[in-house]
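First the proteins, then the strands, lettered A, B, ... as listed; each starts at 1. Values below: every heavy atom of this structure, side chains too, minus hydrogens, waters and symmetry copies.
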Amino acid sequence: MPINYYIFLSLALFCIGMVGVLTRRNAIIVFMCIELMLNAVNLLLVAFSKMHHLKNAVANASAGGDGQLFVFFIMVVAAAEVSVGLAIIVMLYRNVRSVDINFLNRLKH
Amino acid sequence: MQNSLQIAWLVPFFPLLGFLIIGLGRKYLSKSLTGVIGSGTVFLSLLVSVWIFFLVKNENVHVAAYFNFISVDKLVIPFAFQVDALSSLFLLIITGVGFLIHVYSVSYMQQEAKEHFARYFSYLNLFIFSMLLLVMGSNFVILFIGWEGVGLCSYLLIGYWFKDNGNNYAARKAFIMNRIGDLAFLVAIFWIISKTGAVNFNEVFAVAQGQVEGKSFSANDITIITLLLFFGACGKSAQIPLYTWLPDAMAGPTPVSALIHAATMVTAGIYMIARCNILYSMSDVTQDIIMIIGLATAILAATIALKQNDIKKILAYSTVSQLGYMFLALGVGAYSAAVFHVMTHAFFKALLFLGSGSVIHAMNGEQDIRNMGGLSKKLKITYFTFLIGCLAIAGIPPFSGFFSKDAILLSVFEKNPVIYAIALSGALLTAFYMFRLLFTTFYGSFRGTEEQKSHLHESPVAMTIPLIILAVLSILGGIVGIPEVFMHNGEKLKVFLSPVIAVSTEHSVSHSTEYLLMGLSTGLVLVAILFAWNKYRNYKKITEKGFGKLLENKWYVDELYDKLVVNPILKFAGFLNNVFEKQVVEGLVNGVGRFVNYSSRQFRLMQSGQVGNYVLLMVVSILLLLVFQFYLKK
Amino acid sequence: MNALIVLAVSGVVMMFSGILLKQKNVIRVLAITLLFLAIAANTLALCGIQFFNIRLNGMLNFDRYALLFSNVLMICTFLLFLLSARDMEKVGVHYAEYFALLFFVLCGVVLVSSFSSLLILFLGIEIIAIPLYVLTGSDKRNLKSNEASLKYFLLGAFSTGIMLMGITLVYGSSGTFLLGELIPPETKPTTLLLAGILLLIFSMAFKVSAAPFHFWAPDVYDGSPTVFTSFMATIVKAAAFIAFIRLFYHGFRSFHESWVFIIAIITVLTLIIGNITAVFQQSVKRMLAYSSIAQAGFMMMVLLAMNTTAMEGLLLYAVAYSLSTIGLFAVLIKMKDYTFEGFNGLAKYQPLLAGTAVIFLLSLAGIPLTAGFLAKFYMLKAVVLTGSYLWLVITAVVMAAVSVYYYFRVIQAMYFKEGEAQPMEISSSFKWIISFVAFLVILLGIFPQLLIRWIYF
Amino acid sequence: MGVTQLLFWFLSLLALISALLVISSKNPVYSVLWLIMVFFSISGHYILLNAQFLAVVNIIIYAGAIMVLFLYVLMLMDLKKETEPQKKRWVKLAGAVAGGSLLLVLVAALKKADLATSMTQTREGDIGLIENLGKLLFSEYVVPFEISSILFLSAMIGAVVIGKKEQPPKSPEGGL
Amino acid sequence: MIALLLILIPLLSGLVSFFLKKENTARAWALFSSLFTLAVSLLGLTLMNNEGNLHFKTEWLPDLGSSFSIGLDGMGQLICLLTAISFPIIFISTWHHVYKKAHNFFALMLLSQAGLMGVFLAMDALVFYFFWELALVPVYFLCSIWGGEKRIAATFKFFVYTFIGSLLMLVGLIYLQSQTADRSFDITSFYNLSLSGNSQNWVFLLLFAAFAIKMPVFPFHSWQPDTYEQAPTATTMVLSAIMVKMGVFAVIRWLLPVLPLGSYAYGETTVSILAVIGMVYASLLAMRQNDMKRLIAYSSIAHIGLMVIAIFAENKTAMQGVMIQMFNHGIIIIGLWIIVEIIEQKFGTRKLSDLGGLAQKAPVMALLFVVIALANIALPLTNAFVGEFLMFTGIFTSAVFKYELFIIPAAGLCIILGAVYMLNMLQKVLYGNTNTLTASGTDIRLNEKLVLGVIVILIIAGGVYPQPFLDLTKETTELILKESDVLPLLNK
């Protein structure tokens with residue numbers, strides 16, 4: 001499978017996520033879109049890791065493995081981020097009964 | 001064995017000493033003591049001057065150098081005095097007349113308060129000092145120092161009664177007008193330095209005469225330098241276009257007018273040009289210009305003098321016109337004649353001023369001749385001396401004025417008869433207005449107030465003695481310059497000055513013509529006097545109209561100057577101050593500040609406080625930067 | 001490594017102390033002691049004494065510079081604790097947890113100042129970021145604080161995404177995460193790599209709050225509790241910078257010319273926007289937020305120059321900037337009113353506070369005899385040495401002059417304006433410490449090599 | 001056109017479409033579901049790439065844990081579609097355009113990327129197997145692994161700090 | 001040793017003064033320390049006048065290529081002497097002036113003195129820049145705290161204005177250092193630089209920006225009148241007598257020899273034209289001023305303009321003229337400020353229109369005032385005459401000028417205008433009749449008599465026998481001109 005396909009695919013997903021971030025106002029959805037972006041990245045990483053594996057497997061049996069491990073760490077971090085993020089959103093909801101990202105703009109200029 | 005003239009420094013030293021003593025001790029010295037010190041110091045330097053004079057007479061010329069005033073790079077300006085015929089002569093005039101006027105002042109200024117009396121004498125001494133510096137300086141810079149010094153003193157003395165702002169304005173005018181001339185003088189000095197790298201008279205003249213290899217003046221240099229110097233002289237010696245300050249300068253005390261604005265300071269210009277005669281003789285252009293200006297000034301001032309009513313103003317204008325004659329003489333190259341006239345003029349003009357001073361003294365402060373008349377009975381000495389003065393200035397033989405003026409006219413005639421004719425007419429005008437003054441003041445009936453009439457009296461001895469002495473000098477002063485035609489080896493002055501001023505030996509005019517001219521001028525002058533006699537023997541008031549009014553208002557020259565020069569400058573300055581500075585210069589600076597503030601207010605709006613917009617902005621800028629990197633950047 | 005482990009442990013300790021200890025003073029003292037231990041441990045490491053011997057597989061590289069930098073930042077944190085730890089009590093009830101989080105952040109700081117693998121960079125940055133999201137929002141009932149933390153979180157996560165994409169692309173072209181091997185020798189920059197590098201620049205620029213990725217900074221700094229603002233604006237920012245520079249210095253230096261121009265653009269934008277926007281602020285706190293952006297502009301110059309002068313300068317700049325800002329925030333916390341008017345006439349009531357504040361402000365403005373001047377000087381010198389970008393230098397100095405405008409507004413308020421600026425009560429220890437900080441600023445302003453020569457020998 | 005290709009295209013299409021639906025569907029709950037769909041398809045890709053470990057983890061962590069968390073929160077707040085106020089149209093448009101053009105730029109830039117030729121390995125290559133990854137993780141990547149524990153600790157504390165109710169009520173406009 | 005002391009004494013005593021609480025102790029302390037400084041500088045001029053004492057060098061910032069190197073050459077001697085003389089004079093003349101928080105006032109004054117000394121002593125570009133800024137900061141506080149009602153805005157403008165300038169200069173200095181052979185800020189390595197004409201040109205602009213603002217040269221002068229007007233007179237004296245000279249001094253020491261080609265390219269054309277325009281402009285404005293401080297401020301701008309032209313005349317005569325004129329102008333203008341201060345203290349106004357007739361009430365002051373004013377218009381036998389005469393001669397004989405036929409008359413015009421406005425001021429203040437305000441005037445106090453007397457003596461002495469000063473600055477002049485000689489470079 002040519003690597004370009006994966007590149008374009010995950011770029012597409014990435015940008016779709018970005019568009020989501022740009023267009024939605026619901027904090028949770030925005031956050032989900034960010035997760036989408038992360039997943040796009042993951043996909044690409046895996047693809048690359050396999051590419052490098054294909055290239056250097058002869059020299060180094062574990063070539064490309066680091067890419068997949070990185071994905072693993074991304075997931076870890078994502079999980080942590082989600083826990084904190086959702087906590088923040090919930091706190092916000094408690095205080096203002098809304099998860100609209102534009103609802104609060106006392107801090108400006 | 002150093003030259004005995006080395007102690008020439010004594011001459012200016014005494015007045016300086018007097019200045020310091022009086023100036024510092026003015027609180028403590030009594031008036032009489034002040035007077036004694038003031039006059040005494042001048043008298044001492046008079047003695048020294050006489051001694052110097054006789055030394056010089058025995059061909060002892062000396063440049064007494066004391067220390068280096070400035071020595072930078074190759075330029076060396078020594079503080080040195082040049083003692084030769086010319087300067088020694090001027091020394092005599094200055095110290096002599098100066099001494100007399102000091103003595104005169106002692107009683108003239110009696111009614112002043114102690115401090116002010118002292119202030120007066122300290123200024124006077126300072127003036128003598130600067131004047132001596134001026135004539136003794138052996139290079140242009142020292143000369144210039146004295147030059148500015150006398151200007152300063154005249155400023156101080158004109159504004160002596162500083163409570164009256166009129167005097168202050170007059171003083172300021174005098175100083176600034178002089179300053180304009182001085183600027184020209186300075187530029188001339190710079191020019192000389194840039195060409196010769198020296199300022200000493202001897203060196204500069206040597207270069208001019210081509211005795212120094214490597215350095216030389218081009219013809220243009222000479223012309224420009226001489227013209228600049230002459231312009232400086234115009235300021236000091238009140239020639240067109242810078243003459244208007246002198247009449248106003250009469251605001252000062254009368255003795256001051258006599259000393260500074262008649263006898264000495266105003267002749268500094270003549271001295272300077274005479275000193276530089278070598279340069280001037282090399283530039284015909286300059287000489288012609290000087291001649292024309294001198295002549296014009298002489299006539300103009302004379303015409304104005306015809307219609308003035310302030311006794312001192314009349315004398316002032318006559319001074320201007322006499323100075324004009326001297327410049328005329330310089331213009332035609334008769335330097336010694338000019339110097340001769342300086343001398344005689346110093347005598348009789350000082351006499352006239354002091355006389356007028358005594359009149360004013362008698363009329364306690366009155367200066368308008370229309371309110372005088374018939375004073376001859378009360379003020380006998382004043383009257384006679386004044387008469388002598390008038391005869392002298394009018395040029396009646398054998399009074400001194402006759403010889404000096406005759407010498408000038410003769411040399412003018414040699415140059416060009418037409419000029420001679422004009423100059424002669426000027427002389428007639430002089431005779432006329434002087435005798436108008438004399439008759440209106442001393443003849444006819446008294447026109448002043450009763451109070452003044454009762455107050456009329458002859459001045460005290462301290463004032464009359466100087467009058468008499470000056471009168472005698474005005475009579476006999478001519479002897480030193482009696483022309484060849486009257487007595488063998490006459491013109492002693494010319495001979496005496498010959499080391500400084502080259503003498504043109506050949507006479508173009510025959511003795512017969514000379515007699516003729518003398519007769520002519522004398523005759524005409526007598527006619528003019530008679531005319532004045534029957535017009536003003538008993539004066540009656542008439543209001544001037546037409547041409548008379550024009551003359552009475554001095555051809556409106558002052559007004560003209562205000563319109564053309566003073567007001568435009570003030571307006572322009574005002575514009576710069578109120579508009580340009582505020583709007584443009586300040587405006588630019590503050591504008592920057594305002595711009596920063598403005599853009600700050602705009603930038604703040606980017607910080608809209610909405611996450612969505614932030615993300616959008618970030619994405620857009622990412623986009624732009626990527627585009628730049630991948631597509632725009634080469 | 002020493003510091004990292006000590007810090008992690010002390011983080012855990014603080015976590016439990018929250019449950020075990022009740023008196024806040026005890027907690028505070030404990031925290032300060034632990035941090036002191038960490039510093040001591042790190043200093044020992046700096047002198048070559050390693051407690052632990054762990055195979056790092058080239059993922060971390062504790063070189064002198066890294067150790068020194070983390071040490072310096074920890075010392076700054078130490079001073080911050082001494083000055084303002086007391087004021088954390090007012091933020092909320094979780095006093096111990098705050099310390100724990102701060103310790104974890106410091107772990108991240110150590111990581112990013114010594115990483116040599118993109119993975120560690122990513123982890124370190126997240127370890128810094130996640131506690132900060134929390135600390136920003138720690139003043140829970142204060143809507144400003146909530147808003148700040150939400151904004152910070154969303155934007156931060158977003159930038160993380162971008163950074164990950166960047167890392168991925170770089171990985172794609174190079175096949176490794178180790179800085180040293182990212183660019184094989186004598187290769188031309190592929191588009192893939194370049195795109196990755198650019199995305200990394202953008203995300204790092206976000207972390208150091210460089211324009212046009214600075215938008216989060218003013219709001220977050222303004223909204224979060226002042227103590228943590230002071231922490232974020234100084235130590236964290238400096239850490240982000242060392243990460244940024246370490247990444248590009250060890251990673252991508254050989255392609256310098258191909259990406260440096262983007263850096264130049266970002267630098268100029270940062271300088272202009274930061275300084276100009278700060279001019280019109282009314283609240284000192286927000287002004288300081290913008291000024292921190294402006295100062296970031298100067299630090300960006302290191303990436304422009306990439307020479308030893310720049311690296312030395314970065315160290316000095318980080319210290320000078322952090323000390324001055326910490327001190328200034330410490331003063332600010334004591335004030336009742338954060339607007340400029342709030343400072344009117346402070347000099348009358350608290351001459352010492354005002355005097356030290358003046359020193360800090362002068363240092364930020366870059367007046368000689370303060371560390372701030374030499375820091376700026378190093379930066380300018382570094383850029384001038386490259387021989388190009390003089391237009392940028394000129395812009396920088398002009399902007400520095402602009403910065404005088406808003407810094408001196410505070411001085412004017414304190415000294416020349418009449419007012420009733422009554423700060424809260426001030427302990428004598430606080431006075432001593434803040435004077436000491438001011439003294440440090442002056443000292444480093446005269447003898448910078450006291451600090452810099454630690455890089456060598 | 002082998003099975004691999006077919007699967008690839010199918011999964012890609014699925015991923016893209018559901019991603020688009022994530023950002024376009026009004027109801028948040030639907031978005032969550034579509035997102036889960038995306039995750040599944042991505043996991044499919046992983047399997048295709050023979051990265052089984054990740055495929056599994058992806059399903060478990062993402063589709064399982066995280067998404068459930070999201071759903072949970074959404075339910076907690078029971079947000080109806082109308083509760084989410086819509087952005088102004090031009091903002092949406094701008095966002096879409098920006099994102100789209102970013103995609104274009106990147107694609108255009110990377111299209112001529114020099115590894116257009118290089119392939120990625122599908123259906124074989126055992127690097128993605130749990131055993132190898134485990135070895136790698138606990139030999140070379142042990143340090144990051146430990147470090148990530150710090151990350152979790154801090155996240156945990158953070159969640160507590162943020163989540164716990166504050167006892168002393170404060171004025172919403174407190175200076176600090 | 002001497003060099004070090006000249007900086008240390010004011011610095012330390014200034015710091016000490018912060019802690020003196022009683023006003024009179026502070027005042028006495030300041031006076032004592034300034035007198036001490038004066039003594040030291042005189043010592044350096046006479047007894048201990050040898051290399052070892054006059055130069056001091058020690059390691060400072062090796063990795064920046066800068067060392068703390070200070071030293072006194074002839075020009076430095078002269079200008080440091082001015083600085084050393086000025087401060088006692090200032091302190092004595094304002095002895096009775098009451099300041100709130102006096103100890104801070106005097107402390108800052110002494111600190112500014114230290115800064116100024118440093119600027120004049122610095123033999124290393126970075127040290128120079130350090131002190132250049134340091135001299136500025138205390139003055140900023142002095143003006144903003146003890147100044148007039150519009151002080152804050154005016155002073156701030158002044159500060160930012162000069163700060164921009166000095167930052168540009170900093171860039172220039174850094175660039176120069178990066179070009180030196182040994183990567184050093186030392187003045188000798190700066191003098192050994194030989195840059196291409198092109199780079200010299202823009203570096204010249206960078207450096208000159210700072211100096212031009214400081215001096216100031218038209219059109220960068222707009223800060224000056226406001227600042228002088230608003231600042232407390234004691235500070236105004238420092239500003240106008242010494243600080244303004246920093247610019248002139250810096251051009252001579254750091255610009256001309258380092259960038260001969262740049263100076264040649266701009267100095268003889270743009271700069272001198274600007275300067276001469278500034279002279280006329282300032283003189284004209286001075287004629288229209290009603291506030292004595294503003295009048296003097298503008299007259300000072302005019303005088304500085306002449307100095308600038310003279311510097312770029314690049315010959316010995318002019319250069320020496322400039323050097324002693326820096327000294328003379330400082331002395332004179334301090335005298336003028338003292339007079340202004342006295343008048344303002346007595347009558348609470350500086351408006352010419354409100355004054356008059358003081359000559360009756362205060363003859364001594366009148367006398368001294370007249371002398372100083374006349375010195376200001378360069379009357380012969382006052383020190384200013386020597387300076388201006390030399391400068392004019394130099395300009396006139398200069399080989400390098402391109403537009404001297406425009407410059408000379410314009411500059412000459414200022415001689416006349418100067419007389420106009422100074423005499424106008426004299427007349428408005430001293431002469432005429434007293435008015436209700438001035439009727440109550442009394443003569444000046446002993447301390448004022450003392451300082452004014454000293455000033456007048458200096459003026460006369462410098463005017464009658466200037467040679468010692470000229471000899472003092474001879475060597476420096478030759479060095480500077482050797483370094484800044486462009487003709488060989490042009491031939492290359």
Side-chain angles (χ1 to χ4, degrees), chain B residues 23 26 67-75 77 79 115 119 130 141 144-149 151-152 155-156 159 162-165 167-169 171-172 175-176 178-180 182-184 186-187 189-191 193-194 197 569-570 572-574 576-578 580-581 584-586 588-590 593, chain E residues 157 160-161 218-223 225 281 283-289 315-317 320-321 357 359-360 363 367 370 374 377 379-381 385-386 389-390 392-397 408-409 412-413 415-420 423-424 427 430-434 464-467 470-471 474 477:
Chain B
R26 67 193 181 297
F67 62 90
N68 272 358
F69 177 49
I70 293 174
S71 137
V72 171
D73 198 7
K74 289 172 219 57
L75 172 65
I77 303 173
F79 192 95
E115 281 81 0
R119 188 160 58 90
S130 336
V141 175
F144 183 76
I145 292 174
W147 188 269
E148 286 262 358
L152 167 66
Y155 165 75
L156 292 171
F162 56 72
K163 281 187 190 155
D164 171 5
N165 257 327
N167 304 350
N168 301 329
Y169 282 116
R172 219 171 91 199
F175 191 89
I176 289 164
N178 274 305
R179 195 89 178 169
I180 297 172
D182 299 348
L183 175 58
L186 264 181
V187 176
I189 296 178
F190 299 143
W191 204 289
I193 292 175
S194 66
I569 288 183
L570 285 179
F572 182 56
L576 288 182
N577 185 30
N578 305 326
F580 188 80
E581 178 83 350
V584 181
V585 181
E586 295 267 351
L588 278 178
V589 179
N590 302 340
Chain E
K157 183 172 159 190
V160 173
Y161 213 147
F218 175 87
F220 305 110
H221 62 275
S222 62
W223 60 268
Y281 180 80
S283 312
L284 285 171
L285 258 64
M287 283 167 54
R288 301 295 296 203
Q289 299 306 318
N315 62 25
K316 289 187 186 142
T317 325
Q320 293 216 300
Q360 305 163 44
L367 174 68
V370 169
L374 292 173
I377 60 177
L379 206 75
L381 294 188
F385 171 75
V386 181
F389 180 83
L390 288 177
F392 268 108
T393 316
I395 294 168
F396 205 94
T397 54
I408 295 289
L413 182 59
I415 295 183
I416 299 166
L417 294 178
V420 174
L423 293 186
N424 184 34
Q427 178 181 343
L430 297 178
Y431 301 144
N433 235 332
T434 54
V464 176
Y465 192 52
Q467 200 53 42
L470 296 171
D471 298 337
K474 198 162 182 300
T477 313

- Message: Hydrogens and angles aside, do N577(B) and Q289(E) bring a side-chain donor and acceptor to less than 3.5 Å of each other?
- Response: yes
- Query: What part of F175(B) is in contact with chain E, defined as an atom under 4.5 angstrom from a non-hydrogen atom: side chain, backbone, both or neither?
  - Reply: side chain
- Task: Please determine, among N424(E), L381(E), T434(E), I408(E), the option with the most heavy-atom pairs under 4.5 Å with chain B.
- Result: N424(E)
- Query: Any chance the rings of Y281(E) and F580(B) have centres within less than 6.0 Å?
  - Reply: yes
- Relative to chain E, which segment of E115(B) carries a heavy atom at a distance below 4.5 Å: side chain, backbone, both, or neither? neither
- Query: So which of L430(E), V420(E), I395(E) has the biggest tally of heavy-atom pairs under 4.5 Å with chain B?
  - Reply: V420(E)
- Query: Checking I377(E) against chain B: side chain, backbone, both or neither under 4.5 Å from a heavy atom?
  - Reply: both
- Note on the structure: Pair count under 4.5 Å, heavy atoms only, with chain B: among H221(E), M287(E), K474(E), highest is H221(E)
- Do F144(B) and F389(E) have ring centres separated by under 6.0 Å? no
- Message: When you compare the side chain of K157(E) with that of E586(B), does any pair of heavy atoms fall below 4.5 Å?
- Response: yes
- Query: Would you say R179(B)'s side chain and A419(E)'s backbone share a donor-acceptor pair under 3.5 angstrom?
  - Reply: no
- Do you know the tightest heavy-atom contact between F69(B) and Q467(E)? O-OE1, 3.8 Å
